[in-house]
Amino acid sequence: MEVSRKVADWQIKNFQSKRPTDWVSGVMYMGLFDWAELSKEEKYDKWLKGVFGKQYWQPHGRMYHADDVVVCQTYIDMYNKHKNPDMLNPTVARIDWV
């Protein structure tokens with residue numbers, strides 16, 4: 001648990017993605033969401049909400065590229081946890097459009 005906490009804290013401290021909605025960031029978000037659930041530490045959930053809020057819960061740009069919707073998996077997880085439609089609406093709009 002201590003090693004995982006250090007890794008999660010390092011990721012947050014050093015997060016500087018030029019494309020915060022791309023697949024690389026999306027994979028990190030999935031891991032951090034799982035860690036937040038396992039550790040029961042609110043700060044990780046709060047950090048994810050902050051980052052996603054700045055992104056307006058949007059997927060990445062390309063309409064037909066699977067890499068660009070990876071981030072949506074964590075949006076779905078966050079919606080299932082918090083039941084806030086703002087977390088899910090852009091994902092549903094993208095999937096419906098495609």
Side-chain angles (χ1 to χ4, degrees):
M1 292 290 284
E2 187 58 34
V3 171
S4 295
R5 185 173 289 104
K6 286 180 182 181
V7 170
D9 291 344
W10 185 92
Q11 288 288 348
I12 287 172
K13 182 180 176 188
N14 294 286
F15 182 74
Q16 298 178 0
S17 178
K18 292 181 182 178
R19 290 177 278 184
T21 56
D22 71 357
W23 76 270
V24 175
S25 296
V27 171
M28 193 274 289
Y29 300 145
M30 283 190 274
L32 192 59
F33 177 86
D34 289 344
W35 170 247
E37 294 297 290
L38 181 66
S39 71
K40 309 263 191 266
E41 292 186 44
E42 182 66 25
K43 70 179 184 177
Y44 303 110
D45 187 71
K46 184 177 178 181
W47 185 85
L48 286 168
K49 282 184 199 173
V51 169
F52 295 156
K54 290 176 187 172
Q55 298 164 186
Y56 303 100
W57 301 87
Q58 294 292 322
H60 200 55
R62 296 172 293 183
M63 295 305 282
Y64 295 107
H65 203 292
D67 285 356
D68 291 357
V69 294
V70 168
V71 69
C72 296
Q73 178 59 54
T74 309
Y75 297 164
I76 293 166
D77 291 339
M78 293 289 283
Y79 170 78
N80 285 332
K81 180 177 181 179
H82 298 286
K83 304 300 183 204
N84 179 343
D86 293 338
M87 297 173 171
L88 190 61
N89 289 339
T91 297
V92 171
R94 170 66 63 90
I95 300 305
D96 286 349
W97 193 90
V98 171

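Keep in mind it's a predicted model, so treat the numbers as computed, not measured.
- Looking at Asp9 and Arg5, no side-chain N of the basic residue comes within less than 4.0 Å of a carboxylate O on the acidic one, giving no salt bridge.
- Between the CE atom of Met78 and the CG atom of Asn84 there is a distance of 9.5 Å, given to the nearest 0.5 Å.
- Other residues, nucleotides and ligands contribute only 12 or fewer heavy atoms inside 6.0 Å of the CD atom of Gln16.
- Across all non-hydrogen atoms, the minimal contact from Thr91 to Cys72 is OG1-SG, 3.4 Å.
- Contact annotation: the side chain of Val24 never approaches that of Arg19 to less than 4.5 Å [non-hydrogen atoms, C-beta and beyond].
- Taking the six-membered ring where tryptophan is involved, the planes of Tyr64 and Trp97 are tilted, since the angle between them lies from 30° to 60°.
- The CE atom of Met28 sits 13.0 Å away from atom CH2 of Trp23, with the distance rounded to the nearest 0.5 Å.
- If you take CH2 on Trp57 and NZ on Lys49, they are separated by 8.0 Å, rounding to the nearest 0.5 Å.
- Under the 6.0 Å distance and 45° angle rule, Lys13 does not count as a cation-pi partner of Phe15.
- For the atom pair CD1 of Ile76 and CD1 of Ile95, the computed distance is 7.0 Å after rounding to the nearest 0.5 Å.
- Residues Tyr29 and Gln55 share a closest heavy-atom pair of OH-OE1, 3.2 Å.
- Asp22 and Ser25 are linked by a side-chain donor-acceptor pair at a separation below 3.5 angstrom, with hydrogens and angles left out of the test.
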How far apart are the C-alpha atoms of Tyr75 and Asp86, what are their side-chain angles, what is the distance that settles it, and do they pass the side-chain hydrogen bond (donor to acceptor under 3.5 Å, both in side chains) test? CA-CA 10 Å; Tyr75 297 164; Asp86 293 338; over 6 Å; no
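- Considering every non-hydrogen atom in both Lys81 and Phe33, the closest pair reads CD-CE1, 4.3 Å.
- Inter-residue side-chain proximity for His82 and Asp45 is flagged as met; some heavy-atom pair is nearer than 4.5 Å.
- Ionic pairing of Arg94 and Asp68 is not present here: no N-O contact between side-chain nitrogen and carboxylate oxygen is shorter than 4.0 angstrom.
- In this structure, His60 and Val70 have side chains that are not in contact, with every pair of non-hydrogen atoms separated by 4.5 Å or more.
- Hydrophobic clustering of Ile, Leu, Val, Met, Phe, Trp and Tyr side chains at less than 4.5 Å, counting indirect connections, unites Val51 with Tyr79.
- Proximity of Ile12 to Leu32: side-chain heavy atoms (C-beta onward) are separated by under 4.5 Å at one or more points.
- Under a hydrophobic clustering in which Ile, Leu, Val, Met, Phe, Trp and Tyr are joined whenever their side-chain heavy atoms come within less than 4.5 Å, directly or via other members, Tyr44 and Met1 fall into the same cluster.
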Check the pair Val71, Gln58 against side-chain contact (heavy atoms from CB on, under 4.5 Å), reporting the backbone distance first and the verdict last. CA-CA 8 Å; Val71 69; Gln58 294 292 322; over 6 Å; no
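- Of the inter-residue distances, the one linking Met30 atom CE with Gln73 atom CD reads 6.5 Å to the nearest 0.5 angstrom.
- Here the CG atom belonging to Asn80 is positioned 11.5 Å from the OG1 atom belonging to Thr74, to the nearest 0.5 angstrom.
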